[in-house]
Amino acid sequence: NTVFGWAYDVAVDSGGNIFVSDTDNLVIRKYTGAGAFTSTFAGVTLVPYLTDASHLNTPWGVTADAQGNLYVTENRGDRLVKYNAQGVQQWTVGHTGIWWQDWPAPSYPGNTLFGGMEGNPALDAIGNLYVGDTGNNRVLIFKASDGSYVAPMGVTREGGDDTAHFSCPAGVAISPVNGDIYVVDRCNQRIQVFTSARVYKATIGETGVTGSDNQHFNWPRNIAIDKNGAIYVADSDNHRIQKCNLSGTTSSCSTFLGDTGVFDRAFNHFYPFSVAVDNDSRVF
């Protein structure tokens with residue numbers, strides 16, 4: 001309970017509970033705000049998905065809502081799963097273990113097939129759930145209440161670097177200040193920003209160009225936004241968390257955690273896959 005197989009994502013609920021997707025152990029673990037283990041919230045340790053509601057296959061992204069419900073993406077199980085605050089499964093979207101790119105002409109609707117989701121989902125103020133469908137180069141939107149499909153962002157199965165396309169999008173975050181949608185457009189080395197109406201607004205980073213200065217990212221993966229609108233980016237291959245601000249369409253970033261390019265076992269040296277912020281603006 002204090003050792004992870006591989007911790008890919010972290011989320012904090014409104015009560016301060018911490019949830020970690022322990023991907024290699026196939027579970028979601030729950031901790032108090034002080035870091036004490038509470039329970040294995042979902043999944044069965046080292047037992048992959050079976051045909052029941054108790055198992056997960058490589059859970060990756062995780063986010064919580066104000067009521068304590070948890071939303072989990074399965075990277076290899078190819079599902080989006082909702083649990084209530086007691087860890088009871090409420091609904092699933094997707095077809096277990098069926099990745100769309102394995103099916104040139106799938107018999108399933110395209111909005112219910114995923115392609116290796118690799119980031120944290122995000123909830124907006126009106127109950128829409130945004131999920132980076134990484135392998136299919138799109139973001140899919142569902143109703144958090146029942147998992148019903150709403151709309152896509154991007155062009156399905158078509159990567160690109162203009163404002164209408166993504167290339168392996170990962171984490172998504174919604175600004176609590178104005179509802180702007182932030183998408184980590186991972187393979188394009190940038191953050192794409194849209195209004196709450198899903199209209200393109202701005203780009204943070206330089207499209208297609210990696211770098212270690214404050215104008216660039218190096219394979220970013222996840223993102224979080226605090227109550228004041230500050231943006232935190234898990235800039236994975238730069239081994240740092242970047243803190244950014246966006247004013248209109250102009251952004252500025254600086255290193256908040258980590259030493260750029262340094263990765264070892266020291267507390268402030270890491271390879272961040274995820275980042276989360278709680279109600280007290282503490283960064284995980």
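Reckoned from all heavy atoms, side chains included, excluding hydrogens, waters and symmetry mates. Heads up: numbering here begins at 1 and tracks the sequence.
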Cationic N near anionic O, under 4.0 Å, K201 to D180: yes

Would [X] and [Y] count as having a side-chain donor-acceptor pair, cut-off 3.5 Å?
| X | Y | value |
| --- | --- | --- |
| S21 | D9 | no |
| N214 | Q242 | yes |
| K227 | N279 | no |
| N75 | Y8 | no |
| T58 | E74 | no |
| D259 | H269 | yes |
| Q189 | T207 | no |

Heavy-atom distance under 4.5 Å between the side chains of [X] and [Y], does that happen here?
| X | Y | result |
| --- | --- | --- |
| R79 | F114 | no |
| V81 | Q89 | yes |
| L123 | Y71 | yes |
| D124 | Y130 | yes |
| L70 | K82 | no |
| N57 | L26 | yes |
| W91 | L80 | yes |
| K143 | N128 | yes |

Under the 3.5 angstrom rule, does the side chain of [X] hit a backbone N or O of [Y] as a donor-acceptor pair?
| X | Y | answer |
| --- | --- | --- |
| W60 | E118 | yes |
| D146 | S148 | yes |
| S14 | A66 | yes |
| N136 | R138 | no |
| D13 | G15 | yes |
| N228 | A230 | no |
| N268 | G258 | yes |
| R221 | A234 | no |
| R240 | S212 | yes |
| S236 | F273 | no |

Going through the distances and angles, do V131 and M117 end up as a side chain to side chain contact (heavy atoms under 4.5 Å, CB included)? CA-CA 8 Å; V131 182; M117 298 169 283; 3.5 Å; yes

Minimum heavy-atom distance [X]-[Y], with the two atoms named:
| X | Y | result |
| --- | --- | --- |
| V44 | V27 | C-CG1, 3.5 Å |
| F19 | F41 | CE2-CD1, 3.7 Å |
| F284 | V10 | O-CG1, 4.0 Å |
| P152 | Y149 | CD-OH, 3.0 Å |
| T63 | A11 | CA-CB, 3.8 Å |
| P59 | V72 | CB-CG1, 3.8 Å |

Under 4.5 Å side-chain linkage, directly or through intermediates, the cluster mates of [X]:
| X | result |
| --- | --- |
| I204 | Y182, V184, I191, V193, F217, I223, I225, I231, V233, L246 |
| V88 | none |
| F256 | Y232, I241, L257, F270, V275, V277, V283 |

Give the C-alpha distance, both sets of side-chain angles, the deciding distance and a yes or no for side-chain hydrogen bond (donor to acceptor under 3.5 Å, both in side chains) between Q192 and T203. CA-CA 5 Å; Q192 292 292 82; T203 294; 2.5 Å; yes

With sequence neighbours left out, what residues match D185 under salt bridge (Lys or Arg N to Asp or Glu O under 4.0 Å)? R190

Aromatic ring proximity, centroids under 6.0 angstrom, H239 and Y271: yes

Interatomic distance, [X] atom [atom1] to [Y] atom [atom2] [nearest 0.5 angstrom]:
| X | Y | atom1 | atom2 | answer |
| --- | --- | --- | --- | --- |
| D235 | T255 | CG | OG1 | 8.0 Å |
| D280 | R282 | CG | CZ | 5.5 Å |
| Q67 | N84 | CD | CG | 11.5 Å |
| T210 | N188 | OG1 | CG | 12.5 Å |
| M153 | R198 | CE | CZ | 7.5 Å |
| T156 | L113 | OG1 | CG | 11.0 Å |

Does V183 share a hydrophobic cluster with V150, counting links as ILVMFWY side-chain heavy atoms below 4.5 Å and allowing steps through other members? yes

Are Y31 and I28 grouped together when hydrophobic residues (ILVMFWY) are joined by side-chain heavy atoms under 4.5 angstrom apart? no

Only pairs under 3.5 Å count here: list side-chain donor-acceptor contacts from residues 162-174, not counting sequence neighbours, and write none if there are none.
unit_1: D162; atom_1: OD1; unit_2: A164; atom_2: N; d: 3.1
unit_1: D162; atom_1: OD1; unit_2: H165; atom_2: N; d: 3.1
unit_1: D162; atom_1: OD1; unit_2: H165; atom_2: ND1; d: 2.6
unit_1: D162; atom_1: OD2; unit_2: H165; atom_2: ND1; d: 3.4
unit_1: H165; atom_1: NE2; unit_2: E158; atom_2: OE2; d: 2.6

Within a reach of under 6.0 Å around CZ of R29, are more than 12 heavy atoms found that belong to other residues, nucleotides or ligands? yes

For N25, what residues pass the side-chain hydrogen bond (donor to acceptor under 3.5 Å, both in side chains) criterion, not counting sequence neighbours? D22

